[in-house]
Amino acid sequence: MSMTQVEARFHHNTALSIRRSAHPVNLVVHKGPSDLGLARLLAQGASGHFDFIYIDGSHQAPDVLADAVLAFRLLRNGGVIVFDDYLWAEELAGGKDPLRCPKPAIDAFVNCYFRKLQILRAPLYQLYVQKTSD
């Protein structure tokens, strides 16, 4: 599937979800490299601003870890971060490369921030964490 198709599906799915929501939703899409976009939001004073952050971009461990740390700073206390594709692994000729999977980065983030979050129940391929303190 091309990125154009992925983006079109994203817009379709989010529009559908917003229409079905019982509460008002203010969805703002920031297109570009996630680390730069998240850092820009922090620089603009959005620390502690968001209720819900969904991480599903690069599946490279260093990128996922950077997204998690930056997203945590943007999240308000009580807010939720969803990590998608928790158990995803790229099939490589030589086997799995742990740096090309989200799970090691998500686990490292949870281990480093365990005093400031709570793991919530979630589907098998996702991990939900709730921020409990800064």
- Counting only N and O atoms by type, is there a donor-acceptor contact under 3.5 Å from the side chain of Lys116 to the main-chain atoms of Ser133? no
- Does any N or O in the side chain of Ser17 come within less than 3.5 Å of the main-chain N or O of Asn13, such that one atom is a donor and the other an acceptor? yes
- Message: I'd like to know whether CZ of Arg76 has more than 12 heavy-atom contacts from other residues, nucleotides or ligands below 6.0 angstrom.
- Response: yes
- Query: Do the non-hydrogen side-chain atoms of Leu127 and Val110 ever get within less than 4.5 Å of each other?
  - Reply: yes
- Query: Any side-chain heavy-atom pair from His49 and Leu41 closer than 4.5 angstrom?
  - Reply: no
- Query: Which heavy-atom pair separates Pro104 from Pro98 by the least distance, and what is that distance?
  - Reply: CG-O, 3.2 Å
- Item | Test item: Leu87 and Lys103 side chains (from C-beta on) under 4.5 Å apart, heavy atoms | yes
- Query: Same hydrophobic cluster for Val82 and Tyr125, using side-chain heavy-atom links shorter than 4.5 Å among ILVMFWY?
  - Reply: no
- Message: If hydrophobic clusters are built by linking Ile, Leu, Val, Met, Phe, Trp and Tyr wherever their side-chain heavy atoms come under 4.5 Å apart, do Ile55 and Leu124 end up in the same one?
- Response: yes
- Would you indicate whether the side-chain heavy atoms of Val25 and His23 approach each other to under 4.5 Å? no
- Task: Spell out, yes or no, whether Leu42 and Phe50 are grouped together once hydrophobic residues are joined by side-chain heavy atoms under 4.5 Å, including indirect joins.
- Result: yes
- Query: Is there a side-chain contact between Val64 and Phe109, using heavy atoms and a 4.5 Å cut-off?
  - Reply: no
- Message: Could you check whether any side-chain heavy atom of His11 comes within less than 4.5 Å of a side-chain heavy atom of Glu7, counting everything from C-beta outward?
- Response: yes
- Just how far is it from atom CG of Leu65 to atom OG of Ser58, taken to the nearest 0.5 Å? 11.5 Å
- Should the heavy atoms of other residues, nucleotides or ligands under 6.0 Å from CZ of Phe10 be counted, would the total exceed 12? yes
- Message: For the CG atom of Asp51 and the CG atom of Leu75, what is their distance to the nearest 0.5 Å?
- Response: 7.5 Å
- Item | salt bridge (Lys or Arg N to Asp or Glu O under 4.0 Å) partners of Asp35, counting only residues at least two apart | none
- Query: If you look at every heavy atom in Arg115 and Thr132, which pair is closest and at what distance?
  - Reply: O-OG1, 4.1 Å
- Verify side-chain contact (heavy atoms from CB on, under 4.5 Å) between Phe83 and Asp67, making sure each step is shown before the conclusion. CA-CA 10 Å; Phe83 294 96; Asp67 288 351; over 6 Å; no
- Looking only at heavy atoms, the pair that brings Ala71 and Leu38 closest together is N-CD1, 4.4 Å
- Query: Which atom names give the shortest non-hydrogen contact between Ile81 and Ala68, and what distance separates them?
  - Reply: CD1-O, 4.4 Å
- Do any N or O atoms from the side chain of Gln130 and from the backbone of Gly78 form a donor-acceptor pair under 3.5 angstrom? yes
- How far apart are the C-alpha atoms of Val129 and Lys131, what are their side-chain angles, what is the distance that settles it, and do they pass the side-chain contact (heavy atoms from CB on, under 4.5 Å) test? CA-CA 7 Å; Val129 298; Lys131 182 174 180 177; over 6 Å; no
- Taking Ser47 for the side chain and Leu74 for the main chain, is one N or O donor matched with an acceptor at less than 3.5 Å? no
- Query: Tell me, do Gln126 and Asp84 make a side-chain contact under 4.5 Å, heavy atoms counted?
  - Reply: yes
- Query: Quick one: do Tyr54 and Leu120 end up in the same hydrophobic cluster if we chain Ile, Leu, Val, Met, Phe, Trp and Tyr together by side-chain heavy atoms under 4.5 Å apart?
  - Reply: yes
- Message: Contact between Tyr86 and Asp107 at the side-chain level, heavy atoms closer than 4.5 Å - yes or no?
- Response: yes
- Message: Please report the interatomic distance CG(Asn77) to CG(Leu117), rounded to the nearest 0.5 Å.
- Response: 11.0 Å
- Determine, using the 4.5 Å side-chain heavy-atom cutoff (strictly less than), whether Val29 and Phe52 are members of one ILVMFWY cluster. no
- Item | Whether Lys96 side chain and Ala89 backbone form a donor-acceptor pair below 3.5 Å | no
- Query: Once the angle between the rings of Tyr113 and Phe72 is folded into 0 to 90°, is it parallel (under 30°), tilted (30 to 60°) or perpendicular (over 60°)?
  - Reply: tilted
